[in-house]
2 protein chains.
Amino acid sequence: MTTPKVIVSPVCEVTCFEQEKVARIKAELAQEEQQLPRLAELYKLLGNTTRLKILLALAQGELCVCDVAHVLNLTVAATSHQLKLLRDQGWLAMRNDGKMVYYRLQSEALLQVLKGDLRLLEERLA
Amino acid sequence: MTTPKVIVSPVCEVTCFEQEKVARIKAELAQEEQQLPRLAELYKLLGNTTRLKILLALAQGELCVCDVAHVLNLTVAATSHQLKLLRDQGWLAMRNDGKMVYYRLQSEALLQVLKGDLRLLEERLA
DNA sequence: GCCTCATTTAGATATTTGCGAAAATGATGA
DNA sequence: TCATCATTTTCGCAAATATCTAAATGAGGC
């Protein structure tokens, strides 16, 4: 209901050296409270070589689950699982054709991000 | 010892529908074999709201461990641990001043990436 | 209706991760 | 030298993750 003026922290026994700065930063972070978990979810999804490979593979065009599994050298079950994770967050689309299921990238945007981030890594090495 | 010419897959009993395409994609992915784990490492690091908050907090300027802990509402030990992870991968720099240790962003580049990726998320919502 | 086969889902298990508590470090200052 | 205090490290545990095997689903063709 009411917004307390003093921010009470569970670690309040520990000295806080720049209370005002800390309070200000906390307030700013609070504004991003909606976005941050979403962003973290995206990064969690990307933080796995198997899924990165899936994205890069599908950048070449759609593939059935079985062929993705071959690309990954992984069981079909594990592959299907990873595809589902990517699809659940809306980054992949699928298409049924008889018994087969074909997956493809939902958009190019994610790929652009990947490439941008790869560039960052390369710059840092230099 | 010897490199086999034929790539043997552990899932070779499963039908592969587009062998050539799969082989081509595997070859292309093999070229990125150096970069992909690095990229995944970066994303793993970013795939955690605590660490994202640290990066955004330090975007405002350097902070001592203790103050970062206050911003996060986390124990100093846990905070120190997360700071170390970010520092080990070279994204943070630190400075000693007596007993205090101040952390700061190593460069603005990572922040730019964060903002770019946030933009992607926002576009997708629209 | 049944059989086949691609895919998905359901356990089960091993590994990784994030955190707190407590012990260890390392610098300051008496 | 000794006590203090910010930080780091170690340990242990709970939760999440990635993969496998095996069972379930669902579409096609006989």
Side-chain angles (χ1 to χ4, degrees), chain A residues 9-19 22 36-37 40-54 62-89 92-104, chain B residues 9-19 22 36-37 40-54 62-89 92-104:
Chain A
S9 156
V11 284
C12 51
E13 320 83 35
V14 177
T15 323
C16 183
F17 294 95
E18 302 195 57
Q19 294 205 31
V22 166
L36 279 189
E41 280 314 301
L42 169 59
Y43 284 138
K44 264 178 214 165
L45 209 56
L46 297 180
N48 174 289
T49 43
T50 295
R51 287 190 292 269
L52 287 180
K53 283 181 191 171
I54 289 177
E62 68 173 16
L63 285 174
C64 68
V65 177
C66 176
D67 281 352
V68 176
H70 273 88
V71 169
L72 300 175
N73 284 347
L74 212 61
T75 52
V76 172
T79 302
S80 174
H81 181 61
Q82 300 300 342
L83 287 168
K84 179 171 168 40
L85 291 179
L86 287 164
R87 185 163 59 92
D88 284 350
Q89 287 197 33
L92 296 187
M94 59 177 278
R95 169 177 80 84
N96 274 297
D97 181 9
K99 304 184 231 176
M100 314 285 287
V101 177
Y102 290 91
Y103 281 85
R104 65 180 183 278
Chain B
S9 156
V11 285
C12 51
E13 320 84 32
V14 178
T15 324
C16 183
F17 294 95
E18 302 195 55
Q19 294 204 31
V22 167
L36 279 189
E41 280 314 301
L42 169 58
Y43 284 136
K44 265 180 214 164
L45 209 57
L46 297 179
N48 175 288
T49 43
T50 295
R51 287 189 292 270
L52 287 180
K53 283 181 190 170
I54 289 177
E62 69 173 16
L63 286 174
C64 69
V65 178
C66 176
D67 281 351
V68 176
H70 274 87
V71 169
L72 300 175
N73 285 345
L74 214 61
T75 52
V76 172
T79 303
S80 174
H81 180 61
Q82 300 299 341
L83 287 168
K84 179 172 168 39
L85 291 179
L86 287 164
R87 185 163 58 90
D88 284 350
Q89 288 198 31
L92 297 186
M94 58 178 280
R95 170 177 79 85
N96 274 297
D97 180 9
K99 303 184 230 178
M100 314 286 287
V101 178
Y102 292 90
Y103 281 86
R104 65 180 184 280

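Naming: A, B, ... by sequence-line order, numbering from 1 per chain. Note that the structure is predicted; figures quoted are calculated from it, not measured.
In this structure, CE of A/M100 is placed 14 Å from C1' of D/dG26, rounded to the nearest angstrom. Taking atom CG of residue B/L45 and atom P of nucleotide C/dT16, one finds them 17 Å apart after rounding to whole Å. Between B/Y103 atom OH and D/dT7 atom P there is a gap of 9 Å when expressed in whole angstrom units. Atom CG in B/L85 sits roughly 11 Å away from atom P in D/dT9 (whole-Å rounding). Counting to the nearest Å, the P atom of C/dT17 and the NZ atom of B/K84 are 14 Å from each other. When rounded to the nearest whole Å, the span between CD of A/Q89 and P of D/dT17 equals 10 Å. Atom CZ in B/R95 sits about 16 Å away from atom P in D/dA6, given to the nearest Å. Distance A/N96 CG to C/dA6 C1': 10 Å, rounded to the nearest Å.
Using a distance-only test at 3.5 Å, with no hydrogens or angles considered, a donor-acceptor pair links the side chain of A/D67 to the main chain of B/E18.
Each of A/D97 and A/H81 has a nearest nucleotide on DNA chain D; the 5'-most of these lies closest to A/H81.
Side chain of A/L74, nearest nucleotide from D/dT19, D/dT7, C/dC19: D/dT19. Among the nucleotides D/dA6, C/dT8, C/dC5, the one closest to any side-chain atom of A/K99 is C/dC5. Here D/dT17 is the nucleotide among C/dA6, C/dG26, D/dT17 with the atom lying nearest to any side-chain atom of A/K44. Comparing C/dT4, C/dT8, D/dT7 by their closest approach to the side chain of B/V101 singles out D/dT7. Of the candidates C/dT7, D/dA18, D/dT8, D/dT8 carries the atom nearest the B/A77 side chain, counting heavy atoms from C-beta on. In the set C/dT7, C/dG20, C/dC5, the nucleotide with an atom closest to the side chain of B/T75 is C/dG20. Here C/dC19 is the nucleotide among C/dC19, D/dT9, C/dT7 with the atom lying nearest to any side-chain atom of B/T50.
Regarding contacts with the backbone of D/dA18, a side-chain N or O of A/N48 is found under 4.0 angstrom from either OP1 or OP2. Here B/Q82 reaches the OP1 or OP2 of C/dC19: one of its side-chain N or O atoms lies under 4.0 Å away.
With contacts defined as side-chain heavy-atom distances shorter than 4.5 Å, the pair A/R51/A/L86 qualifies.
The two residues A/R87 and A/L92 have their closest heavy-atom pair at CG-O, 3.7 Å.
Sparse packing is recorded around CD of B/Q19, with 12 or fewer heavy atoms of other residues, nucleotides or ligands lying under 6.0 Å away.
B/R87 comes within 4.0 angstrom of nothing in the nucleic acid, heavy atoms only.
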Criterion side-chain contact (heavy atoms from CB on, under 4.5 Å) on B/Y43 and A/L52, from CA distance to verdict: CA-CA 10 Å; B/Y43 284 136; A/L52 287 180; 4.2 Å; yes

